[in-house]
Structure formats: structure tokens, C-alpha cells
Amino acid sequence: MTEETHAAHHAPQSFISKYIFSRDHKVIGVQYLLTSAFAALASGALAMIMRIHLAWPQETWPLLEKIFPQGFSKGVLNPDFYLSIITMHGTLMVFFFISYALIGAFGNFLIPLQIGARDMAYPLLNMLSYWFALAALLVMLASFFVPGGGAASGWTAYPPLSAVKEAVSGSAMGQTFWILGMALFIVSFTMGGLNYFVTIINLRAPGLTWSRLPMSIWSFFVATCIGLVAFPPLTAAAVMLLFDRHAGTSFFLPEGLFFGSKLLPNSGGIPLLWQHLFWFLGHPEVYVLILPAMGVVSEIVACNTRKPLWGYKSLVYSVLAVGFISFIVWAHHMYLTGMGTKISTFFQTTTMIISIPSVIILTCLFMSLWGGSIRFNTPMLFALAFLPMFGIGGLTGLPLGFNFSDLHLHDSYYVIAHFHYVVAPGTIFALFAGIYFWYPKMTGRYMSETLGKIHFWGSLIGMNLVFTPMFFQGLYGMSRRMSDGGATYALSNTANEGVVTALTGTVMKLNVFVTHAAFLLLLAQIPFIINVFTSMFNGKKVESDNPWEATTLDWQTPTPPPHGNFTKEIVVHRGPYEYSVPGHPTDFTPQNAPDPKPAK
């Protein structure tokens, strides 16, 4: 940023230019956080509708029918609309909640602060990235209110269900809106990702070498690189899918495809092409979500153990390895497509290999606890819970990486449980930890520890009660995306009398148990919402600009950080985690603190 541009960037601003069309990375980070919260509420509401229907599939819900008249018949949820709920819940959670919160919000807020920069390299581009992100979310939500309702092809949007407008009701305009929303999301991510990439490379403070970067910056950098490489193929696929739907092309539609008695005129398309292009993004996208979560947890663990992270170089190399290997594992989602044994062997090998750096990262974080003077505050509790929860998600993913076991578990509730253990108690616990940890820096006030711990224990118990039973349902053979919750294949159905693989009454009753647990999880979020808003005005004020006594540069600014972040030029003298250094007067030494002069 030139001096002239910087001066203009910091000129007096109106309310609209300061808080609405802001170019300040901190304000944009808060905008992303609020937008992600709205996406979370929407996707959470869809999840509760889904759970209520699965528990009591024949019950009538007149109020819901008034809200979604296209989705209910005489108060009972339609199967097509159930597919729409699944599709939109997954899409909103993965792309519009977690991505916006971890990459958009924390990335924007933390990157300039932690590298000693005044702002992002391209403030205008940063502002545009947010407004494209907001537009993407609004277009996605608008799909519910067009003829046919929201997209119904799953969050993976497999053709031909997504390519033929007449397939199901959600395959009409709702699917087109889904494609346009994803295109806007990718444009937003690309603008923001390029900004992050250039900012981290070019705007680091003097002395902040690559070996002195905090783990959070490494994780944002690698996640950004993954997204910038992985999203363009999906962009091309989305354009081709639009052409198939509206221009009569046949990129994904083969010859001889019937819908009802209608023979489609398409020929030459390959439905599997979409799967390859989608999963080339889809699996790296998991690491776009999980790496920033690991970075956030690393900062909190180091600060609250009062000791350096164990194996900093191993952590860095492992994050880089995860970023690279994530591009050569995508086809383990496609074992059932009939791939040859050599190809499936290659992808199951790479899937096992990528677990190695992931295990190294978790091991380093666990080892960092050893011998530490641990402070069990709310952010630390969420960070500690992240470790075993993500570990469960990773371990239960190993059977899905082997083609012989995936044949039985694919598209079952086991996959739902595995994936949610990675992205729900995994990334979302890291998100909560980050909010509790950086809230004092954002607002100048602490959040309530009492409400925070109620929120933590309710969330921890609720998460496990919701998703653990799904492992057993999947192992018993319950398939996902069944609108009746498996009742068609239940032993209680007289048509299944004598069928050995029919679902038992115990397995079916777990639907009700999981729904009750989901209500518990929902109630556990109320203390958090109360805490966020009441603490802004009534929370205990911080005693200093560095209330957690942390070492990284984000804690060396005034609280809250002003426009331009730092009141003096920043020079970095040491690594990011110099805690409890022998001979130092305090148990933390900030990165910008000069070395003490030797005594004469």
C-alpha cells in the first residue's frame, strides 16, 4: 500500500463508509462473523426441521407448512422438500457458516494484526470480497422462495439430479440459484484468498521471518493456497452444469437417459466428470476448514499452557504436507463408481498417508500440554475438547478410506457421523474457542466465564449425544437421505418380515433419541448468544491491552485496535511462543519486545 493510498484509506469516514462499506480488515472480519452467524441460524433451523421429521415422520406441522407451503402436504413434509433441506443445510454449514467464520472472519481480523501490518494489501478488494460473500448467501437462501423450492441434489449436486430441471421439484430454478450462489461464493473466496496470500508474503513486519510466523498465520496461508487451487475446477464445472441445464449441452448428461417416459435428447456426457471436479475441491475444502481451526487452537493452547508449542517445525511441515496431499485423495469419495483396483489402491494409500501429518499435528498439540501451567478458562476448554473430537473424526474416517470397507459404509449414517465429528465438534469448537479468546481484543471486555462454561459443557455433551448414535445406525445399515428415517426398511414394516438386514426397533428409536439430543444442543447455544450481547455492555473491562498475557503481535495493539492497528512501528525480535523463558522477568515475552541489554 503506497503512502498516498494509506493516507486516503485512513481519511475521516462517515458511518456508512466506516461500518457498512468499510475497508478496515477488522470491521470486515466482524461483518463476516455476523453473516456466518446468520447462515448458522438458517442451517441450524433446517437441521432441526430435519431431525423433527426423522423422529416423527407422520406428524403434521401446520406452522411449518405456512412457512414452506411448497414443502408440505397436509402438514407432512414432502420427500422432495426433505432433499432440499439436506442440500441447503449442508451447503450453508460448510460454505457459508464455517468458511465465512474461520476464513472470512478470523482470517480478516487476525492476519494483519499478527504479521504487524496496518491493513490488508488490497482494502478495496477485501471490501468487495465481503459483499460478494453476502450476495452469495442471499442468492442461496432465495432459492427456497422460487418455484419448486430449494436445490434438492445434495450439497454435492451430483448430475443428473442437478442437471435435469424436471428431475425433482428442487431441480428447477432452485438448483440454478444454488449454482449461482456457489459461483458468487467462489468469486468472493478468490478475491479474499489473493488478498490473504499477498498480505502474508509482502506486509510482514521487519524481523517477522517465515520461521517466526504464528501457527494461525501458517494455517490461513496454506488454507488460502488450497482454496485458490481447488476452487477454479468447480467454477468450470458450475458453468458447464448451467449450460447443461439451460443451453442443451451434454457435459454431464449421457445418451439414453429417461425421466419418466421422456427420453432426453442429450448424448456424450459423463456424470462422473462432475464428481471428479467437485471432489477435487470437496476434499481439500475440508482442510480449508480444519487448518484454520487447528491454527486457532494452537494459539490458545500455547497461551494457556504458558509454554512454547511442542514441535513448532513439525507443526509447520505437517500443515504444508496436509495442504499438498489434500489434492491427491479426492477419489476415495468415489469407490462405488466402479474404479479399477489400481486406482482405488492409489487413493486409499494417499488417504492413509494424509493421516500421518494430521496425527503429527494432534500429537504436537497434546504434547504441548505436558508440563504446562494450564489455565482452564472457557477458550481453553473448547480448545482442549477440539483435540479428542477431531481425533474421533479422523479415526472414524480411516474405514472410509479403504475401498473394501467403504463399500458397506458409503452413504450410510456412519459417514454423517464421521463428517460431523470433523466439522461440528471439530471446527465449530475451535470457532467458539477463538471467539471467547479474541473477544476481549475486539471489544475491550471479557465474556462471562460462568455462561461460557455452561455453554461448553452443554455443547460437548449435546454434540456427542447427537452424533455418536449415528455411527451405530450406519453400522446397522441405515442409509442417509431417507425422508422417512429408514421406516421403509424397518423390521416393523410388515413387508420386511423375515429380512435379516431390516432395521431393528432399537436402531429406529435412535432417531427420537438423537432429536432430543439435538434440542439439548440447541438450548446449549442460548447462554452463548446471551453472553455475546450482554458482555458488550456489562462484561468486565480488560485491565490491559494484553489481558491473556500472550506473545503474538495481535496483543501488542491498543484495545480495541484502532484504524491502522499499531501506534508505533513494529519490529519482531523472536518467535511467536516464548513463554516461561528462564531469566525473563515475566512468563511471556512478546515478539516485538527487544532483547534485554546485557549488564555491564
Side-chain angles (χ1 to χ4, degrees), residues 35 38-50 53 61 64-73 76-97 99 132-188 234-235 237-249 251-253 257 259-260 262 264 266 271 274-275 277-278 282 480-483:
T35 305
F38 181 71
L41 289 174
S43 58
L46 295 176
M48 293 310 301
I49 294 173
M50 190 190 331
H53 178 70
W61 308 97
L64 292 176
E65 187 172 15
K66 291 181 180 179
I67 301 173
F68 302 106
Q70 301 179 89
F72 287 77
S73 298
V76 178
L77 190 145
N78 297 327
D80 285 1
F81 188 64
Y82 180 80
L83 290 178
S84 292
I85 290 176
I86 289 178
T87 301
M88 299 304 292
H89 165 72
T91 302
L92 291 173
M93 272 291 180
V94 171
F95 295 107
F96 295 92
F97 169 39
S99 290
F132 270 87
L134 179 61
L137 175 60
L138 295 178
V139 169
M140 193 65 70
L141 291 174
S143 68
F144 274 116
F145 306 100
V146 300
S153 57
W155 76 282
T156 56
Y158 283 177
L161 201 57
S162 61
V164 179
K165 290 185 287 185
E166 301 84 6
V168 292
S169 57
S171 299
M173 282 301 296
Q175 188 67 49
T176 299
F177 272 58
W178 186 94
I179 297 169
L180 294 175
M182 284 303 302
L184 290 170
F185 170 84
I186 294 169
V187 170
S188 167
L234 185 62
T235 308
V239 172
M240 290 189 286
L241 186 59
L242 277 175
F243 282 4
D244 275 9
R245 290 174 55 81
H246 299 288
T249 58
F251 291 106
F252 305 119
L253 293 174
L257 191 62
F259 269 88
K262 178 184 177 183
L264 299 185
N266 307 82
W274 170 270
Q275 293 194 31
L277 293 173
F278 179 87
R480 63 199 302 191
R481 297 176 182 167
M482 292 191 296
S483 64

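Residue numbers run from 1 in the order of the sequence given.
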Straight-line distance of [X] [atom1] to [Y] [atom2], nearest 0.5 Å:
X	Y	atom1	atom2	value
K165	D244	NZ	CG	11.5 Å
I67	E65	CD1	CD	11.0 Å
S171	L161	OG	CG	4.5 Å
T176	L180	OG1	CG	6.5 Å

Tell me the closest heavy-atom pair linking [X] and [Y], and the distance in Å.
X	Y	answer
M240	T249	O-OG1, 4.2 Å
H89	S43	ND1-O, 3.0 Å
G181	A136	O-CB, 3.4 Å
F81	G71	CG-CA, 3.3 Å
A151	T87	O-CB, 3.2 Å
G174	V146	N-CG2, 3.6 Å

Residue pair [X] / [Y], side-chain heavy-atom distance below 4.5 Å:
X	Y	result
M88	M140	yes
F97	L92	no
T91	F185	no
L134	F96	no
L241	S162	yes
V164	L253	yes
R480	I86	no

Donor-acceptor under 3.5 Å ([X] side chain, [Y] main chain):
X	Y	value
D80	V168	no
S99	V94	yes
W274	T156	yes

Evaluate the ring planes of F68 and F144, with Trp represented by its six-membered ring, and classify them as parallel (under 30°), tilted (30 to 60°) or perpendicular (over 60°).
tilted
So W155 and F95, would you call those rings parallel, tilted or perpendicular, with 30° and 60° as cut-offs?
tilted
Are there more than 12 heavy atoms of other residues, nucleotides or ligands under 6.0 Å from atom CZ of F243?
no
Counting neighbours of CZ on F132 that are heavy atoms of other residues, nucleotides or ligands and sit closer than 6.0 Å, is the number greater than 12?
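No, because the 6.0 Å sphere around CZ of F132 holds 12 heavy atoms or fewer from other groups.
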Give the C-alpha distance, both sets of side-chain angles, the deciding distance and a yes or no for side-chain hydrogen bond (donor to acceptor under 3.5 Å, both in side chains) between S169 and Q70.
CA-CA 9 Å; S169 57; Q70 301 179 89; over 6 Å; no
Could you point out which residue of I49, V76, L77 forms a side-chain contact (heavy atoms from CB on, under 4.5 Å) with L64?
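Result for side-chain contact (heavy atoms from CB on, under 4.5 Å) with L64: I49.
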For Y82, what residues pass the ring pair (Phe, Tyr, Trp, His ring centres under 6.0 Å) criterion, not counting sequence neighbours?
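Applying ring pair (Phe, Tyr, Trp, His ring centres under 6.0 Å) to Y82 gives H53.
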